[in-house]
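Take a look at the structure below.
Worth saying up front: this structure is predicted, and the values here are computed from it rather than measured.
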Amino acid sequence: MKWLYKFDKDKWQKRQRQMQKNLRSMESIRKINRELILFFKRNHEFFHVERCIEDAAGDPIAIQKMFDSIPVTASDLMSGNESSQFAATARLSFLLSTENPPIDVVIQSGVVPHFVRFLNEHYGLQHKLYSVRALYAIGKGSLEQAVVVIKHGAIPMFIRLLCCSEECYQLKELVAAALGSLANQSPDFRDYVLQFGTLTPLLSLLDNHLEPPMLHEKITLLRACSNTLAIFCQGNSAPSFNQIRSALPILRRLIHLNPPVGVIGEVCEDACLCLSYLSNGSAEQIQALIDADVCARLVMLLGLSDGKIVEHVLRTVGNIFKGVDSQIQILINNGVFFRLNAILMHGSNSSVLRKTCSAISTLTARDRNQIQKIMDAHIIPSLLYLSQADNYDVEVRWDAACALSNAARRGSNEQIRFLVNQGCIGPLCDHILCPDRKTSILCLKGLKSVLKAGEIMYSTRNLYTLIITDFDGFGKIEKLQSDPDIGEMAMKLLMKYGV
């Protein structure tokens, strides 16, 4: 009996333990169910608004209904209900991304400061995304509309999001684009955005994502950052070089991205655009670029087929050609003349050809040493061909003639003899009456230098006057006598050399 009692007691205790375990399990299931029910209740607006936006996209009637309900949506956004706030933010963000966004209506509803407030840590990622997207759309509007975004303190919040350690790449990409849209409004806006120290986190993002596999996984983030960096560097009124020069090491890495096609090519293009602006300054600025070791890669990029990248590089090369001789020599040592001549001989992109001629024209306008280097590189025959070829745009012919005119204006008598023997008088006479004012003046000045050299070299009879006569040069010069700017020069040339 004792053994039976003991056995029954153990069995009873075991059953009790099992019942308690089952109760705990059932309580756990009920808790999960309660949490699920609460989740769906709290996020009902989220699922509903996502469905509404999907249904409205492409449906003008549905979009118009959302337009008409902006006051109600704004009221929901300013309510204390977080779910309603989220749904309202999503709807307004969608409306601001449509073809004709109701930016003024949204601003007048008083929701902009709330968009900025939703960027605080208290709100979720999706809520922040919609808020940044709305602010980005407003910042892309007019100058007055962008002022509203800045006035309510969006820039410091944007920078905080760029600096946050969370790996919310989509949000950071959108923030970078929003900062770029504000800076793109005007040079004053750009400088104001830079004053907040925006460049540092932007460069940090680029630096942290330039190595595989991050490079390819987050390429759209890189593209947004590089585009904003390009906006920071450009403008009719350039930013302070000291404010931007910290970007040079990153720009060097960006122009070395391979292959420079697709989105990676666009990032490389942005970097080349930055360098074209940063090189447009003093010899000290140009030296900073050279010290950043970008010249060799820039010359290599001249061999690409991508017109935009090559155009930006050509502008940078032209700017360096305005520097001191030692800086120009670095480009020459890296084979820049070979690349430029290849473009002149085989290029088909008119914009690229014009910028190539412009870069060479900058060099031929400097001094005789640089002109001699151009001649030694066998570039003159290519310029002569372009100045007379009918299969190229007329602007290309004008720019080629300008490069030849500068060589004639600045060259020594021996260099002018070389140019004449190559056949440069014909193009100068052909373009002396062209509609482009700059080309017309340069060609007249080039012919004046040729005639002066001929007078010195041929004491008995100036043979160059005969060549100019054969091309009807004096007849064209005669038509310039009534010109208010160069009429006097044309008259003196006719009186002294005309036949």
Minimal non-hydrogen separation, Pro201 against Leu162, with atom names: CB-CB, 4.1 Å
Less than 4.0 Å between a side-chain N and a carboxylate O, is that true for Glu121 and Arg160? yes
Tell me the closest heavy-atom pair linking Thr356 and Leu344, and the distance in Å. CG2-CD2, 3.7 Å
Nearest heavy-atom approach of Pro239 to Gln234 is CD-O, 4.3 Å
Which atom names give the shortest non-hydrogen contact between Leu135 and Val149, and what distance separates them? O-CG2, 4.0 Å
Tested for side-chain contact (heavy atoms from CB on, under 4.5 Å) against Arg315, the lone hit among Ser276, Cys272, Ser279 is Ser276
Side-chain touch Tyr136/Val175, heavy atoms, less than 4.5 angstrom: no
Does any donor atom in the side chain of Asp325 or Gln370 lie under 3.5 Å from an acceptor atom in the other side chain? yes
Between CZ of Arg366 and CZ of Phe321, what distance do you get to the nearest 0.5 Å? 9.5 Å
Under a 3.5 Å cutoff, is there a donor and acceptor pairing between the side chains of Arg253 and His256? no
Indicate whether the side chain of Gln329 and that of Asn333 have a donor and an acceptor atom separated by less than 3.5 Å. yes
Which pair of non-hydrogen atoms, one from Pro260 and one from Asn258, has the smallest distance, and what is that distance? CD-OD1, 3.3 Å
Can you find a side-chain donor-acceptor pair between Tyr123 and Arg117 that sits under 3.5 Å? yes
Check: Arg354 and Asp393 side chains under 4.5 Å, non-hydrogen atoms: no
With the side chain counted from C-beta on, respond yes when Phe94 and Ile63 share a heavy-atom pair under 4.5 Å apart, and no when they do not. yes
Given Ser387, which of Leu404, Asp399, Val396 fulfils the side-chain contact (heavy atoms from CB on, under 4.5 Å) condition? Leu404
When every non-hydrogen atom of Leu383 is compared with those of Ala403, the smallest separation belongs to CD1-CB, 3.9 Å
Could you give me the CA-CA distance, side-chain angles and deciding distance for Asp483 and Arg437, then say whether salt bridge (Lys or Arg N to Asp or Glu O under 4.0 Å) is met? CA-CA 11 Å; Asp483 188 282; Arg437 185 75 175 158; 2.4 Å; yes
Just so I know, are the side chains of Val299 and Phe338 near enough to count as touching, which here means a heavy-atom distance under 4.5 Å? no
Ser131 (side chain) donor-acceptor with His127 (main chain) under 3.5 angstrom: yes
